[in-house]
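Reviewing the structure listed below.
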Amino acid sequence: MKALILVGGFGTRLRPLTLSFPKPLVDFANKPMILHQIEALKAIGVTEVVLAINYQPEVMLNFLKDFEAKLGIKITCSRETEPLGTAGPLALARDKLVDDSGVPFFVLNSDVISEYPLKEMIKFHKVRGGEASIMVTKVDEPSKYGVVVMEETTGQVEKFVEKPKLFVGNKINAGIYLLNPSVLDRIELRPTSIEKEVFPKIAAEKMLYAMVLPGFWMDIGQPRDYISGLTLYLDSLKKMSSSKLASGAHIVGNVIVDETAKIGEGCLIGPDVAIGPGCIIEAGVRVSHCTIMRGARIKKHACISSSIIGWHSTVGQWARVENMTMLGEDVHVCDEIYSNGGVVLPHKEINTSILKPEIVM
């Protein structure tokens with residue numbers, strides 16, 4: 001089997017992190033976002049992953065070459081010279097995706113984090129016998145999304161309603177598809193949307209089915225959702241009694257700590273925290289609801305909550321960092337500084353407090 005991951009563009013909503021790395025290589029729960037997906041695909045027998053990309057393909061490929069060997073899976077790029085939306089990239093990668101076998105292929109949106117029940121999806125697709133199957137997830141506020149209206153028992157999709165004013169259902173497209181090769185005959189090589197142009201036509205022919213995603217789901221393409229996604233991901237590890245979760249007197253709730261990170265005396269870490277490789281957390285530090293990326297240093301008695309600390313950054317002694325503060329790569333917050341929602345671009349020193357959410361160039 002093969003799979004296409006829609007990597008897309010610049011990742012502007014996750015700046016300043018995406019100023020240092022393409023978005024799929026930004027760490028989530030201590031490994032690059034895209035690796036969560038590639039590992040899930042490999043686990044169910046996918047042998048080749050194609051990345052549809054229009055930004056920094058060299059960086060992506062160089063990085064993923066290491067993983068190609070480790071995971072034993074072929075990773076190639078299909079490069080767009082202009083943004084092609086969510087369907088155009090499938091037409092562009094046609095030759096990489098289709099051979100004579102007629103086997104369906106996966107398409108995943110690179111921002112989506114879940115438990116990836118791909119094995120169940122293959123079974124669902126076979127049993128339904130449709131041309132395409134999509135995953136849907138239940139949400140509390142369907143009016144913010146495009147809603148999938150479906151027949152509850154069979155999962156046959158009737159129609160799509162974009163940001164409905166009146167309640168038509170609470171299931172939205174989860175960005176994970178399993179498509180027969182014949183779907184590619186419906187897609188022209190031009191900027192086009194699979195959700196708005198391709199799926200409605202298949203649904204009209206009663207050949208599109210939706211499977212309700214078990215477990216959690218989150219699109220982690222922006223900071224607040226990234227932090228919420230981490231909470232859900234760690235909670236899912238807990239339900240699976242994963243050995244990846246840290247334990248000890250200084251740990252509260254669900255936390256993962258890389259084995260190369262060092263944590264000092266008298267710290268309180270958690271809930272919902274990821275501490276990356278080579279991080280140094282000095283004595284008396286308090287950390288909750290946040291990600292601390294590779295090589296960062298948090299000095300004595302600092303307090304960090306609901307924030308993302310980028311690679312090789314430093315937070316000074318007695319500093320307080322909160323309310324969706326995002327530090328890019330190599331940012332240095334001086335001692336006793338307060339940051340309330342500051343978004344700081346890479347390679348900066350912060351020596352005055354940020355009292356209200358703002359971008360620091």
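For clarity, every value in this text was computed on a predicted model and none was experimentally measured.
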Practice prompt. Evaluate the side chain to side chain contact (heavy atoms under 4.5 Å, CB included) criterion for residues Ile281 and Ile275: first the C-alpha distance (whole Å), next the side-chain angles of each, then the deciding distance (0.1 Å), finally the verdict.
Written response: CA-CA 9 Å; Ile281 312 294; Ile275 296 176; 4.1 Å; yes
query = With distance as the sole criterion, is a donor-acceptor pair present between the side chains of Gln156 and Thr154 under 3.5 Å?
reply = no
inquiry  = Hydrogens and angles aside, do Asp330 and His312 bring a side-chain donor and acceptor to less than 3.5 Å of each other?
reply    = no
Check your understanding: Got a sec: does the CD1 of Ile359 have more than 12 other heavy atoms crowding it under 6.0 Å?
Key -> no
Tell me if the CD atom of Glu205 is crowded by more than 12 foreign heavy atoms within 6.0 Å. yes
Problem - Output field: ring centroids Phe199/Tyr177 closer than 6.0 Å - result: yes
_Lys/Arg-Asp/Glu bridge criterion (N-O < 4.0 Å) met for Arg186, Glu131_ = yes
Counting only heavy atoms not in Glu358, do more than 12 sit closer than 6.0 Å to its CD atom? yes
Distance col, row Glu349:CD vs Ile337:CD1, nearest 0.5 angstrom, shows 9.0 Å
Scanning both residues in full, the closest heavy-atom pair of Asn254 with Leu234 reads O-CD1, 3.5 Å
Item checked: Lys244 with Asp258: basic N within carboxylate O range, under 4.0 Å -> no
CG (Asn30) and CG (Leu35) are apart, to the nearest 0.5 Å, by 12.0 Å
When rounded to the nearest 0.5 Å, the distance separating OG of Ser313 from CD1 of Ile292 is 10.5 Å
Look at the side-chain heavy atoms of Ile, Leu, Val, Met, Phe, Trp and Tyr, link any pair under 4.5 Å apart, and say whether Trp318 and Ile269 land in one connected group.
no
| query | Is it true that Lys239 and Asp235 make a salt bridge, defined as a side-chain N closer than 4.0 Å to a carboxylate O? | reply | yes
Q.
Does atom NZ (Lys31) have a neighbourhood of more than 12 heavy atoms from anything else shown, all under 6.0 Å?
A. yes
Output for pair (Ile53 CD1, Ile5 CD1), nearest 0.5 Å, gives 10.5 Å
>> Looking only at the aromatic ring of each residue, does the gap between the centers of Tyr226 and Phe28 stay below 6.0 angstrom?
In response: yes
Worksheet item: Do Lys65 and Glu68 meet the salt-bridge criterion of a basic N to acidic O distance under 4.0 Å?
Response: yes
Sub-6.0 Å ring centroid separation between His36 and Tyr233:
yes
Between Lys206 and Glu158 (salt bridge meaning N to carboxylate O under 4.0 Å), is one present in this structure? no
Are a donor atom and an acceptor atom from the side chains of Glu151 and Thr153 found within less than 3.5 Å of each other? yes
ask   = Using a distance-only test with no angle check, is there a side-chain donor-acceptor pair under 3.5 angstrom linking Asn180 and His125?
value = yes
Of all heavy-atom pairs linking Pro117 and Met211, the shortest is O-CE, 4.2 Å
(Q) With side-chain hydrogen bond (donor to acceptor under 3.5 Å, both in side chains) as the criterion, how do Asn340 and Asn323 come out once you've worked through the C-alpha distance, each side chain's angles and the decisive distance to 0.1 Å? (A) CA-CA 6 Å; Asn340 172 20; Asn323 190 22; 2.7 Å; yes
- Query: Does the side chain of Ser306 come under 3.5 Å of the side chain of Glu322 through a donor N or O and an acceptor N or O?
  - Reply: no
Requested in this report: Go through Lys300 and Val285 one step at a time and tell me if the side chain to side chain contact (heavy atoms under 4.5 Å, CB included) criterion holds.
Outcome: CA-CA 6 Å; Lys300 291 175 188 169; Val285 165; 5.7 Å; no
Does any non-hydrogen side-chain atom of Thr291 lie less than 4.5 Å from one of Asp27?
-> no
Interatomic distance, CG@Leu208 vs NZ@Lys159, rounded to 0.5 Å, equals 14.5 Å
Here the gap from Leu90 atom CG to Glu188 atom CD, rounded to the nearest 0.5 Å, amounts to 14.0 Å
**Prompt:** Do Lys299 and Glu282 meet the salt-bridge criterion of a basic N to acidic O distance under 4.0 Å?
**Reply:** no
